[in-house]
Amino acid sequence: MIKVAVNGYGTIGKRVADAVSAQPDMEIVGVSKTRPSAEAVIAGKRGYPLYIADISKKADFESAGIAIAGSVEEMIQAADIVVDATPGGIGAKNRELYEKYGKMAIWQGGEAHDVAGFSFSSSCNFDDAKGRTFARVVSCNTTGLCRIIKLADDAFGVEKVRATMVRRGADPGDSKRGPVDAIVLNPVTIPSHHGPDLQTVLPEIDIVTTALVVPTTFMHMHILQMDLKETGDRDKILEMIKNHSRIGLIKGFTGIKSTAGLKEYASDLGRPRSDLWESCVFEDSVSIVDDKELYLFQAIHQEADVVVENVDCIRAMAGDDITAAESIALTDRSLNFE
Ligand code: NAD
């Protein structure tokens with residue numbers, strides 16, 4: 001069993017902990033919080049040993065009735081590998097702790113590529129993670145871009161990509177961020193950072209991205225245009241999407257044309273936290289124009305798509321020798337993808 005610690009039990013960390021627990025070859029040895037909170041209570045209910053970054057706060061937790069297993073340093077020592085899901089910028093500061101105890105670590109997309117020197121996407125570079133001590137799972141948007149661009153590149157070759165990310169303003173549980181009533185150009189400069197981030201995984205891809213933020217919480221929406229090297233074939237690309245377990249094809253007959261419709265569908269499926277681990281490509285949007293231009297819309301559940309990627313990254317780095325296809329299938333089966 002691969003012993004996994006989750007440093008930072010928040011939006012991403014709590015989902016990674018549950019996904020890891022569902023795997024037959026992994027177990028959670030601890031999760032961490034900085035202060036008593038509803039999430040700390042949930043960690044206890046799930047049976048995850050709870051560790052704290054600042055052990056002097058132990059009394060605060062205990063007076064709230066929350067049992068503490070020890071300090072984050074003790075948690076790291078108990079693990080084979082640490083998933084660092086602390087807020088962007090904090091994770092990089094933890095690197096010296098992982099080095100101190102000689103532990104493997106995986107960071108999230110809020111950290112720069114340099115934190116690990118290697119950025120990961122299950123569909124693109126699973127084998128390159130093998131034997132590494134450090135890796136970074138790219139952000140939710142970059143994960144979504146990686147999956148579909150790799151698929152199109154494998155099918156027809158991708159000459160260049162132009163994409164706009166319509167981003168959610170805040171996660172559903174986050175009442176401090178916005179906008180409440182605005183469309184914000186974020187960043188106002190072009191290109192946005194998403195293109196260079198994709199190139200940390202797929203360096204050969206010519207890509208320019210733009211991004212804006214809107215008052216919604218559930219998902220991001222991507223408007224993608226790819227110039228293909230060869231003449232495109234819509235039926236072929238739809239078939240490849242159908243066969244890609246991390247990309248869901250949203251069919252026209254469902255009537256789903258929005259993130260709201262996707263949320264209802266995920267909820268009706270009985271998915272934990274209404275999570276959509278797959279990128280959601282709208283079938284009716286998939287269009288080939290002038291033979292070599294591919295257009296599509298895809299929705300990305302920001303809280304969920306990177307979770308399964310973290311599980312695969314753990315397996316690539318700390319597990320037995322296994323192929324990407326085998327790991328992806330095992331991850332998905334363990335989570336009851338349907
Ligand atoms: P979050 O704020 O929801 O959770 C972070 C957790 O880390 C909190 O539970 C907090 O208590 C804990 N924490 C803070 N400082 C800590 C410390 N020093 N030691 C241990 N724990 C500490 O953040 P999040 O949204 O889960 O983001 C985590 C990472 O995942 C970031 O790099 C972010 O960019 C990335 N990410 C977030 C999303 C998203 O949509 N939320 C999507 C993809 C990637």
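Numbering of ligands and ligand atoms starts at 1, following listing order.
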For atom 16 (C) of ligand 1, what's the nearest protein heavy-atom neighbour? Residue, atom name and distance, please. T34 CG2, 3.4 Å

Does the protein put any heavy atom within less than 4.0 Å of atom 23 (O) of ligand 1? no

Please report the C-alpha distance between D60 and R35 in whole Å, then the side-chain angles of each, then the deciding distance to 0.1 Å, and finally whether the salt bridge (Lys or Arg N to Asp or Glu O under 4.0 Å) criterion is met. CA-CA 8 Å; D60 296 349; R35 59 182 68 89; over 6 Å; no

Hey, is ligand 1 close enough to D171 that some N/O pair sits below 3.5 Å? yes

Does ligand 1 come near enough to Q108 that some N or O of the ligand is less than 3.5 Å from an N or O of the residue? no

Going by the side-chain hydrogen bond (donor to acceptor under 3.5 Å, both in side chains) test, name the single residue among Y98, W107, Y51 that passes it with N7. Y98

Main chain of A92, side chain of E111: is a donor-acceptor contact present, judged purely on distance under 3.5 Å? yes

Checking E326 against R315 for the salt bridge (Lys or Arg N to Asp or Glu O under 4.0 Å) test, could you report, in this order, the C-alpha distance in whole Å, the side-chain angles of both residues, the deciding distance, and whether it holds? CA-CA 10 Å; E326 287 166 344; R315 199 172 275 123; over 6 Å; no

Which ligand 1 atoms, with their elements, are less than 4.0 angstrom from a heavy-atom of Y9? 9 (O)

For the residue pair K236 and F156, would you count it as a cation-pi contact if the rule is NZ or CZ under 6.0 angstrom from the ring centre and within 45 degrees of the ring axis? yes

Distance (rounded to the nearest 0.5 Å) between F120 CZ and T143 OG1: 9.5 Å

Closest to atom 2 (O) of ligand 1 among protein heavy atoms sits P87 CG, 4.1 Å

What atoms of ligand 1 come within less than 4.0 Å of a heavy atom belonging to I90? 15 (N), 18 (N)

Scan K229, K160, R162 and name whichever one has a salt bridge (Lys or Arg N to Asp or Glu O under 4.0 Å) with D206. R162

For atom 4 (O) of ligand 1, the closest protein heavy atom turns out to be G10 CA, 3.3 Å

For K33, the atoms of ligand 1 under 4.0 Å from one of its heavy atoms are 8 (C), 9 (O), 11 (O)

To the nearest 0.1 Å, how far is atom 42 (C) of ligand 1 from its closest protein heavy atom, and which atom is that? Q302 O, 3.0 Å

As an exercise, identify every atom of ligand 1 less than 4.0 angstrom from a heavy atom of A85. 5 (C), 6 (C), 7 (O), 28 (C)

Going by heavy atoms, is V72 under 4.0 Å from ligand 1? no

Quick check on K130: does its NZ atom have over 12 non-hydrogen neighbours (other residues, nucleotides or ligands) under 6.0 Å away? yes

Taking E73 first and then K100, would you say they form a salt bridge - that is, a charged N and a carboxylate O separated by under 4.0 Å? yes

Without swapping roles, check the side chain of S267 against the backbone of K263 for a donor-acceptor pair under 3.5 Å. no

Can you confirm whether N243 is buried at CG, in the sense that more than 12 heavy atoms of other residues, nucleotides or ligands lie under 6.0 Å from that atom? yes

Polar-atom distance check: G110 versus ligand 1, any N or O pair below 3.5 Å? yes

Check T86 against ligand 1 and report side chain, backbone, both or neither, counting heavy atoms closer than 4.0 Å. both

Give the atoms of ligand 1, by number and element, whose distance to some non-hydrogen atom of N7 is under 4.0 Å. 19 (N), 20 (C)

Starting from the C-alpha separation in whole Å, work towards a yes-or-no answer on salt bridge (Lys or Arg N to Asp or Glu O under 4.0 Å) for R168 and E303. CA-CA 11 Å; R168 61 89 178 95; E303 300 166 290; over 6 Å; no

May I ask you to decide if the ring planes of H301 and F218 are parallel, tilted or perpendicular, using 30° and 60° as cut-offs? tilted

Identify, by atom number and element, the atoms of ligand 1 in contact range of G8, meaning under 4.0 Å from any of its heavy atoms. 6 (C), 7 (O), 12 (C), 21 (N)

Distance from atom 25 (O) of ligand 1 to nearest protein heavy atom, with residue and atom: T11 CB, 3.6 Å

Short list, please: which atoms of ligand 1 are under 4.0 Å from a heavy atom of A53? 19 (N)

With a cutoff of 4.0 Å, is R168 in contact with ligand 1, counting heavy atoms of the residue only? yes

Counting from 1, what ligand 1 atoms have a heavy atom of C140 closer than 4.0 Å? 42 (C), 43 (C)

Starting from atom 26 (O) of ligand 1, what is the nearest protein heavy atom, named by residue and atom, and what distance separates them? I12 N, 2.9 Å

